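Just so we're clear, the structure is a prediction, and the values are computed from it rather than from any experiment.
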Amino acid sequence: MLRVILAEDSVLLRAGLTELLTLGGHEVLAAVGDAPSLLRAVESERPDVVVTDVRMPPGLHDEGLRAALELRSRDASLPVLVLSQYVAGAYAAQLFGAGSPAGLGYLLKDRIGEVTEFLDALRRVHEGHTVIDPEVVRVLLAPPARPDQPLARLTPREREVLALMAEGLNNQAVAARLFITEASVVKHSGGIFTKLDLDPTEGNRRVLAVLAHLRGRAAD
């Protein structure tokens, strides 16, 4: 059971998420409708994980995202799952580009309807994994418009591997999804790391590969 704080300005969706999380065996410590209330609730309750919408009052712009960034600046180990109505590369890049990406997730709200996937994403974020919605990955990893972008160096297969890495899959899962061997995944991963100019001594190059691309797309 996870102790969850939920932030969502839509009353109906907030109620639905609360019920979904409760039925999933988790405890919703607080369900709030604006960013200031989210910050106060986390300070008071010390949850295991936070689930927050991107756009919330008072401005209905990116207050939820900024609250998530503020929470992570206070406690980099706090798992946070951010929900968004649309694919927003700049939001994803901002979220994952601020410090360690461990224990962070970015999902589209459509994913909530896939209850098992949503609850699994929540679990993985709590366990310290990085989770990015497959549709967000698909849009962000589309072939680049300019040949000077780092992604243009990758082969189509390497882009497929990078996309699955972005979803948080390990080598075994990537191999199963693409019907190739794990050795091939390792080979393609090595090509990705080399072409994106990632330091071979860096421990978590898989995440860095994804984040490097996210930052590049957001800057376009």
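- The CG atom of Leu108 sits 8.5 Å away from the CD atom of Gln85 when rounded to the nearest 0.5 Å.
- Across all their heavy atoms, Ala41 and Val32 have their closest contact at CB-CG1, 4.5 Å.
- Between the CG atom of Leu13 and the CG atom of Leu6 there is a distance of 8.0 Å, given to the nearest 0.5 Å.
- Across Thr18 and Arg14, no two heavy atoms sit closer than the pair OG1-O, 2.8 Å.
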Please assess Val80 against Leu78 for the test side-chain contact (heavy atoms from CB on, under 4.5 Å), listing each intermediate value before the final yes or no.
CA-CA 6 Å; Val80 176; Leu78 176 65; 4.2 Å; yes
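- At a threshold of 4.5 Å between non-hydrogen side-chain atoms, the residues Val161 and Ser189 count as touching.
- Of the residues Thr52, Asp75, Val50, the one that meets the side chain to side chain contact (heavy atoms under 4.5 Å, CB included) test with Val42 is Val50.
- Val115 and Leu17 fall within a single hydrophobic cluster, where Ile, Leu, Val, Met, Phe, Trp and Tyr are joined by side-chain heavy atoms under 4.5 Å apart, directly or via other members.
- Remark: side-chain polar atoms of Lys109 are not paired, donor with acceptor, to backbone N or O of Ser84 under 3.5 angstrom.
- Taking the side chain as every heavy atom from C-beta outward, Val131 and Leu104 never approach each other to under 4.5 Å.
- For the pair Arg159 (side chain) and Leu154 (backbone), a donor-acceptor distance under 3.5 Å is present.
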Set out, in order, the CA-CA distance, both residues' side-chain angles and the distance that settles side-chain contact (heavy atoms from CB on, under 4.5 Å) for Leu38 and Ile5, then state yes or no.
CA-CA 8 Å; Leu38 169 60; Ile5 285 182; 3.7 Å; yes
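- In this structure, Tyr106 and Leu81 have side chains that are not in contact, with every pair of non-hydrogen atoms separated by 4.5 Å or more.
- Considering every non-hydrogen atom in both His26 and Val4, the closest pair reads CB-CG2, 4.2 Å.
- At least one donor-acceptor pair closer than 3.5 Å links the side chain of Arg153 to the backbone N or O of Lys195.
- Between atom CD of residue Glu27 and atom CG of residue Leu29 there is a gap of 5.0 Å, rounded to the nearest 0.5 Å.
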Decide salt bridge (charged side-chain N to carboxylate O under 4.0 Å, His left out) for Glu43 and Arg40; before the verdict, give the C-alpha distance in whole Å, the side-chain angles of both, and the deciding distance to 0.1 Å.
CA-CA 5 Å; Glu43 181 68 23; Arg40 289 193 297 269; over 6 Å; no
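- Scanning all heavy atoms of the two residues, the minimum distance from Pro47 to Arg3 falls at CB-O, 3.4 Å.
- Considering all non-hydrogen atoms of both residues, Met165 and Phe193 come closest at CE-CE2, 4.0 Å.
- With rounding to the nearest 0.5 Å, the separation of NE2 in His188 from CG in Asn171 is 11.5 Å.
- Summarising the geometry, atom CD belonging to Gln172 is positioned 12.0 Å from atom OG1 belonging to Thr181; distances are rounded to the nearest 0.5 Å.
- Residues Asp34 and Glu63 have side chains not in contact (no heavy-atom distance under 4.5 Å, counting atoms from C-beta outward).
- A donor-acceptor pair under 3.5 Å links the side-chain atoms of Thr194 to the main chain of Gly190, judged by distance alone.
- Residues satisfying the salt bridge (Lys or Arg N to Asp or Glu O under 4.0 Å) test with Lys187, not counting sequence neighbours, are none.
- For Asp9, the side-chain contact (heavy atoms from CB on, under 4.5 Å) partners at least two apart in sequence or on another chain are Asp53, Met56, Pro57, Leu60.
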Using the rule given for salt bridge (charged side-chain N to carboxylate O under 4.0 Å, His left out), can you reason through Arg157 versus Glu160, listing the C-alpha separation, both sets of side-chain angles and the distance that settles it, and then say yes or no?
CA-CA 5 Å; Arg157 177 63 87 184; Glu160 289 179 328; 2.8 Å; yes
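- Taken from CD in Glu70 to CG in Leu39, the straight-line distance is 6.0 Å, to the nearest 0.5 Å.
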Listing, residues 119-127 side-chain donor-acceptor contacts under 3.5 Å, not counting sequence neighbours, or none:
| from | atom 1 | to | atom 2 | distance (Å) |
| --- | --- | --- | --- | --- |
| Asp120 | OD1 | Arg123 | NE | 3.3 |
| Asp120 | OD1 | Arg123 | NH2 | 2.3 |
| Asp120 | OD2 | Arg124 | NE | 3.3 |
| Arg123 | NH1 | Glu127 | OE1 | 2.9 |
| Arg123 | NH1 | Glu127 | OE2 | 3.2 |
| Arg124 | NH1 | Glu167 | O | 3.3 |

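- Side-chain contact between Leu178 and Val174 is present, with at least one heavy-atom pair separated by less than 4.5 Å.
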